[in-house]
Amino acid sequence: IHNIVFSNSVTASISVAHEIADLIKKKQAEGKKCVLGLATGSSPVKVYDELVRMHKEEGLSFKNVITFNLDEYYPMEKQDIQSYWYFMHEHLFNHIDIPKENINIPDGTVSHDELEAYCANYDKKIQDCGGLDFQLLGIGRTGHIGFNEPGSNRNSGTRIITLDHITRSDAAETFHGIDNVPRQAITMGIRTVLKAHRIVLLAWGSSKASIVAKAVEGDITAEVPSSYLQLHENTTFVLDEEAAADLT
Ligand code: F6R
């Protein structure tokens with residue numbers, strides 16, 4: 001894992017957005033699709049703001065882009081304002097020219113009976129697109145990436161998981177109380193994420209400092225799922241000074 005520390009999350013986010021834009025343009029020039037793995041939550045918001053700005057002011061086109069989001073609460077309706085479907089449309093998809101059929105977000109309305117096949121098909125669809133060219137990640141205080149909570153296997157694929165109590169309490173404010181936070185989620189697996197050609201993880205603020213240090217410098221263990229990123233050859237942690245504070 002390579003770390004880059006910025007003085008603040010705005011300049012950091014702009015730099016990540018520019019890396020993504022350059023990749024989209026390079027693929028465009030080659031006449032190819034660009035396959036992006038995307039995250040929700042507070043960490044990537046300013047990256048999406050900059051991508052939207054580049055679309056509106058500089059004509060950056062997303063016509064050749066295919067996206068796969070990391071996760072969605074389960075159960076969850078698309079139009080629910082707490083859904084990751086809603087988040088992605090609000091922050092990115094409603095403001096750019098990506099073809100609707102190129103957007104993939106785990107579906108929180110799939111029935112229990114169909115979940116296993118649905119998740120296997122999500123991984124297959126990524127493979128059929130040629131794999132993820134770029135995966136954007138945040139990190140949870142449990143060390144999760146996507147919703148791969150502690151205990152997640154290195155070889156896990158897309159699946160249904162039970163959310164950690166810490167993760168649910170971090171989401172409690174958005175849901176107006178922990179009792180309203182879903183207990184489960186669909187998440188891409190560790191194996192799914194590690195297959196991406198390029199991975200960039202964003203972390204801002206002092207609340208992420210100790211887990212960032214464990215992920216980068218600690219043992220590779222299922223107890224800190226983000227530590228599996230040490231096994232990936234092309235991963236960068238993009239941090240602000242507060243999130244980098246506990247690194248040696
Ligand atoms: C969201 C996701 C999660 C978040 C993580 C950090 O799609 O996969 O792993 O990235 O929980 O969330 P924030 O950015 O809100 O601190």
Side-chain angles (χ1 to χ4, degrees), residues 9-10 12-13 16-17 36-49 67-74 76 78 80-93 103-108 119 122 126 132 134-152 156-175 178 181-194 196 199-212 214-215 224-229 235-240 242-244:
S9 63
V10 176
S13 299
V16 172
L36 302 178
L38 299 178
T40 59
S42 60
S43 305
V45 167
K46 291 189 284 287
V47 173
Y48 298 148
D49 288 348
T67 62
F68 288 90
N69 262 82
L70 280 166
D71 42 22
E72 178 61 279
Y73 291 107
Y74 187 84
M76 180 57 75
K78 290 188 175 69
D80 196 318
I81 55 167
Q82 278 111 11
S83 80
Y84 284 167
W85 191 97
Y86 191 88
F87 176 100
M88 287 308 301
H89 285 77
E90 279 284 298
H91 288 278
L92 186 64
F93 298 142
I103 297 170
N104 299 279
I105 303 172
D107 182 352
C119 291
Y122 200 78
I126 295 173
L132 300 165
F134 182 104
Q135 174 67 58
L136 190 61
L137 296 175
I139 184 170
R141 287 195 300 135
T142 59
H144 70 214
I145 48 176
F147 275 141
N148 292 281
E149 297 286 21
S152 292
S156 52
T158 298
R159 68 200 187 288
I160 183 100
I161 57 95
T162 297
L163 293 169
D164 201 277
H165 181 75
I166 296 177
T167 301
R168 291 183 66 238
S169 56
D170 282 348
E173 207 181 308
T174 317
F175 282 87
I178 191 161
V181 182
R183 292 180 180 276
Q184 291 186 297
I186 299 173
T187 184
M188 268 189 207
I190 297 290
R191 186 186 63 226
T192 320
V193 170
L194 289 180
I199 299 175
V200 172
L201 182 146
L202 312 173
W204 324 129
S206 53
S207 67
K208 301 287 175 74
S210 77
I211 197 66
V212 163
K214 279 186 196 155
V224 182
S226 43
S227 67
Y228 290 123
L229 295 170
T235 291
T236 301
F237 275 39
V238 174
L239 309 168
D240 64 7
E242 291 77 12

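Remember, it's 1-based here, ligands and their atoms both numbered in the order they're listed. Residue indices begin at 1 and follow the sequence shown.
- Not counting sequence neighbours, the partners of R141 by the salt bridge (charged side-chain N to carboxylate O under 4.0 Å, His left out) test are D170.
- For a heavy-atom separation below 4.0 Å, the residues in contact with ligand 1 are A39, T40, G41, S42, S43, L70, D71, G138, I139, G140, H144, G146, K208.
- For the 3.5 Å distance criterion, the side chains of Q82 and T174 fail to qualify, holding no donor opposite an acceptor.
- In terms of the side-chain contact (heavy atoms from CB on, under 4.5 Å) criterion, residue partners of T235 (sequence neighbours excluded) are, by chain and number, I1, I199, L229, H232, F237.
- One N or O on the side chain of T142 and one on the backbone of H144 form a donor-acceptor pair closer than 3.5 Å.
- D107 is linked by a salt bridge (charged side-chain N to carboxylate O under 4.0 Å, His left out) to K78, counting only residues two or more places apart in sequence or in another chain.
- Checking N148 against R191 by side-chain atom types alone, no donor-acceptor pair falls below 3.5 Å.
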